[in-house]
**Student:** 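I'd like to ask some things about the structure below.
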Number of protein chains: 2
Amino acid sequence: MEKIDLKKLAKELNLSIATVSKALRDSWEIKAETKQRVRDLADKLNYQPNPYASSMRKRKSQTIAVVIPEIANNFFSVVLDGIQVIAEKKGYHVLTYLTHESYTNEIATIKHLQSGRVDGVLMSLCSETADYQHLIRLKETGMPIVFFDRIAEIPDCPTVTTDDYESGYGATEHLLRRHCKTIAYLSLSQHTSINRKRQQGYMDALKNSPAKPAKNLAVHCGDENGSIMLAIKKLLSKKNRPDGIFASAEKLAIATYHVCNDLKLKIPGDLKVISFSNLRTASLLNPSLSTVTQPAFEIGKEACELLFRKIEKKSNNYMSEHLVLKSSLIARGSTGLDQKLK
Amino acid sequence: MEKIDLKKLAKELNLSIATVSKALRDSWEIKAETKQRVRDLADKLNYQPNPYASSMRKRKSQTIAVVIPEIANNFFSVVLDGIQVIAEKKGYHVLTYLTHESYTNEIATIKHLQSGRVDGVLMSLCSETADYQHLIRLKETGMPIVFFDRIAEIPDCPTVTTDDYESGYGATEHLLRRHCKTIAYLSLSQHTSINRKRQQGYMDALKNSPAKPAKNLAVHCGDENGSIMLAIKKLLSKKNRPDGIFASAEKLAIATYHVCNDLKLKIPGDLKVISFSNLRTASLLNPSLSTVTQPAFEIGKEACELLFRKIEKKSNNYMSEHLVLKSSLIARGSTGLDQKLK
DNA sequence: TTTTTCATCGAAAACGTTTTCGAAAAGCAG
DNA sequence: CTGCTTTTCGAAAACGTTTTCGATGAAAAA
């Protein structure tokens with residue numbers, strides 16, 4: 001089964017390579033009968049054009065890159081699903097790169113992306129990233145970039161986010177309404193854009209509360225399981241431990257559940273918990289987990305569509321678009337009324 | 001920021017393109033001093049070789065494809081993680097394609113892969129696939145293919161699987177030991193390789209049981225949530241409904257939990273449940289879910305390493321490798337003793 | 001000195017497309 | 001029949017690399 005290319009088709013048909021090429025892309029220069037002959041043989045021999053030769057000549061790769069911190073994560077995997085759906089519809093191919101929350105990985109990946117391997121980049125920053133120089137350089141090469149969720153504040157870069165400030169405010173307010181007196185805010189890193197907004201929402205909700213809780217407790221736990229468990233265990237072992245936790249990432253809530261099991265703390269009796277999460281099993285947990293759920297699939301789709309708009313006509317790259325989708329707060333057992341007495 | 005290529009470097013350095021190219025790949029033909037000059041300028045101008053030009057000339061794309069049914073799935077996303085880790089280590093790029101459990105999608109994707117876009121393919125079949133002609137054709141073009149989990153029985157194709165028969169046997173045995181009298185087996189599709197083996201294990205375990213349950217109940221639920229819920233609800237509404245369920249996919253167990261909530265059935269009191277699953281929150285569910293857990297990350301890594309062995313030396317493609325990893329059965333609350341009386 | 005070897009580099013072909021431009025043939029009007 | 005347009009096709013350049021092979025000059029051997 002030898003590789004079949006334009007030259008072979010041309011020889012077989014007694015045509016030139018140019019004619020075969022044009023026939024296959026349905027050019028008006030070629031008469032209908034010839035087109036049919038070419039297509040028939042191409043189908044018969046199962047001709048598949050070499051995408052790299054085509055990319056080189058057209059200077060378009062029909063490929064986009066998705067750069068994300070991790071893939072084994074309910075949020076990112078669903079976002080990727082949304083991206084794939086749109087990309088496939090457009091006939092584009094998707095290269096994924098994982099930074100594993102490492103800044104140096106992110107830099108290396110971004111640097112490589114200058115090579116022309118892709119026509120555009122969809123990206124969510126890693127938790128360590130505090131400097132955007134590498135991204136600015138990439139952007140200056142003319143590469144279309146769309147950020148989602150963990151965005152970089154770069155001029156003229158479209159973004160797709162959720163209403164993080166409002167969600168943070170709402171989640172905190174929810175805990176306050178459930179009579180929490182001391183509410184801790186848990187995050188992976190203080191560097192990310194989403195953390196800044198969610199934490200600000202948390203702080204403002206506390207400030208505006210009539211109860212006026214004394215202080216605000218923001219704990220940045222790092223992104224590895226070990227440090228997370230340690231930080232939470234330390235937090236919940238203090239004499240005046242919080243009675244409410246607002247986790248800004250799913251794994252923080254999971255860790256909180258485990259720590260509570262260890263420390264024999266009852267949720268929601270001793271501690272109420274609400275978390276940003278896309279867990280499909282949130283309602284089946286013990287107790288069911290109150291969540292702020294982001295529309296991950298839509299985020300992926302919207303970000304991808306925004307990217308294609310950038311790719312297809314660079315004209316409007318002076319007006320940048322910032323799409324903000326709404327998360328939904330779903331109250332469940334983990335912030336329910338005290339069940340200790342049951 | 002204009003694109004910088006070999007020609008620009010060559011002109012700047014008063015060298016030929018050939019020399020610059022060879023210097024950058026550290027050829028022995030070029031003297032050390034020249035190499036240094038070239039590298040310095042390349043670094044300074046942030047030169048990134050065009051991968052498509054390189055791919056064309058070398059007839060190697062440094063890219064592999066991963067074809068999977070879905071990505072928003074704990075198992076497949078972790079497998080992908082393992083794949084990415086190995087691929088990145090090898091300097092390879094990863095294209096992912098989702099079939100969304102559709103046979104026609106799978107065919108279209110596989111057909112496109114004949115184009116030379118990738119050097120190898122990692123694949124898990126979609127649930128509808130019962131015919132392997134498209135895969136055989138791809139293989140006959142010389143494309144290295146490694147199957148994992150849902151494999152195709154094709155001669156000389158390496159596979160990475162788990163001990164599905166033994167796990168199916170073990171899970172069923174576990175339910176029997178927990179005094180289940182009527183055990184149902186739930187699957188998405190009867191076509192997949194894993195289903196055949198797991199179901200065989202289930203049936204053999206029933207046959208070898210001293211209690212000798214009357215019949216075996218295998219229910220193929222389809223892969224969409226609607227049909228799954230319907231099938232399970234129907235199963236659990238029968239007069240002589242089963243008192244044990246062995247789910248061969250995570251989403252089947254989730255659906256079972258929801259149906260039990262609807263029908264006011266208690267797990268494990270009225271119904272014991274064990275499931276193939278990679279849920280990280282299995283232990284936090286209500287009740288905690290007994291699982292057969294596959295080593296997803298290792299599956300991804302091993303499959304990818306197998307693929308690279310195929311890519312790097314085609315010599316040993318007569319001896320095919322079939323790797324079988326062990327799943328682990330973790331007994332939890334959902335198959336615990338009757339708690340109805342508590 | 002002449003011949004051989006070695007070290008270093010460049011010219012050019014090749015990878016498989018796409019596209020520009022010109023050529024040939026055919027149709028048409030005058 | 002002549003001049004013009006239209007239709008249909010092919011030659012060749014280009015995309016940015018890699019690699020083969022030959023050229024050059026200098027050093028080593030004769």
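We name chains A, B, ... by the order of the sequence lines, and we start the count at 1 in each one. What you see is a predicted model; the values in this text were computed from it and never measured.
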**Student:** Could you spell out the base pairing of DNA chain D in dot-bracket, with Watson-Crick or G-U pairs whose two distances are under 3.5 Å, [ ] crossing and | to another strand?
**Tutor:** ||||||||||||||||||||||||||||||

**Student:** Would you list the atom pairs, donor with acceptor, under 3.5 Å between side chains in residues 122-131 of chain B and any protein atom, with sequence neighbours excluded?
**Tutor:**
{"unit_1": "B:S124", "atom_1": "OG", "unit_2": "B:F148", "atom_2": "O", "d": "2.9"}
{"unit_1": "B:S124", "atom_1": "OG", "unit_2": "B:R150", "atom_2": "N", "d": "3.3"}
{"unit_1": "B:S127", "atom_1": "OG", "unit_2": "B:E101", "atom_2": "OE1", "d": "3.1"}
{"unit_1": "B:E128", "atom_1": "OE1", "unit_2": "B:Y103", "atom_2": "N", "d": "2.8"}
{"unit_1": "B:T129", "atom_1": "OG1", "unit_2": "B:E106", "atom_2": "OE1", "d": "3.0"}
{"unit_1": "B:T129", "atom_1": "OG1", "unit_2": "B:E106", "atom_2": "OE2", "d": "3.0"}
{"unit_1": "B:D131", "atom_1": "OD1", "unit_2": "B:Q133", "atom_2": "N", "d": "2.9"}

**Student:** Check the distance between D:dA23's P and B:L15's CG and give it to me in whole angstrom.
**Tutor:** 21 Å

**Student:** State which residues pass salt bridge (Lys or Arg N to Asp or Glu O under 4.0 Å) with B:D26; sequence neighbours excluded, sorted by chain then number.
**Tutor:** B:K35, B:R39

**Student:** Do any pairs count as a ring pair (Phe, Tyr, Trp, His ring centres under 6.0 Å) and have a residue in residues 106-129 of chain B, sequence neighbours left out, and if so which ones?
**Tutor:** A:H93-B:H112

**Student:** I'd like to check the salt bridge (Lys or Arg N to Asp or Glu O under 4.0 Å) partners of A:K90; sequence neighbours left out, ordered by chain and number.
**Tutor:** A:E312

**Student:** List the protein contact pattern of nucleotides 16-22 of chain C with one symbol per nucleotide (5' to 3'): B for base contact, S for sugar-phosphate-only contact, - for none; contact means a heavy-atom distance under 4.0 Å.
**Tutor:** BBBBBB-

**Student:** Which part of the nucleic acid, if any, lies within reach of A:S55 when heavy atoms closer than 4.0 Å are counted: base, sugar-phosphate only, or nothing?
**Tutor:** nothing

**Student:** How many whole angstroms separate atom NZ of B:K11 from atom C1' of C:dC9?
**Tutor:** 20 Å

**Student:** Give me each pair satisfying ring pair (Phe, Tyr, Trp, His ring centres under 6.0 Å) with a member in residues 48-82 of chain B, each pair once, sequence neighbours excluded.
**Tutor:** A:Y52-B:Y52

**Student:** Please enumerate all residues that pass salt bridge (Lys or Arg N to Asp or Glu O under 4.0 Å) together with A:R59, with sequence neighbours excluded.
**Tutor:** none

**Student:** Who are the salt bridge (Lys or Arg N to Asp or Glu O under 4.0 Å) partners of A:E12, not counting sequence neighbours?
**Tutor:** none

**Student:** How far does CD1 of B:I110 sit from CG of B:L138, to the nearest 0.5 angstrom?
**Tutor:** 5.5 Å

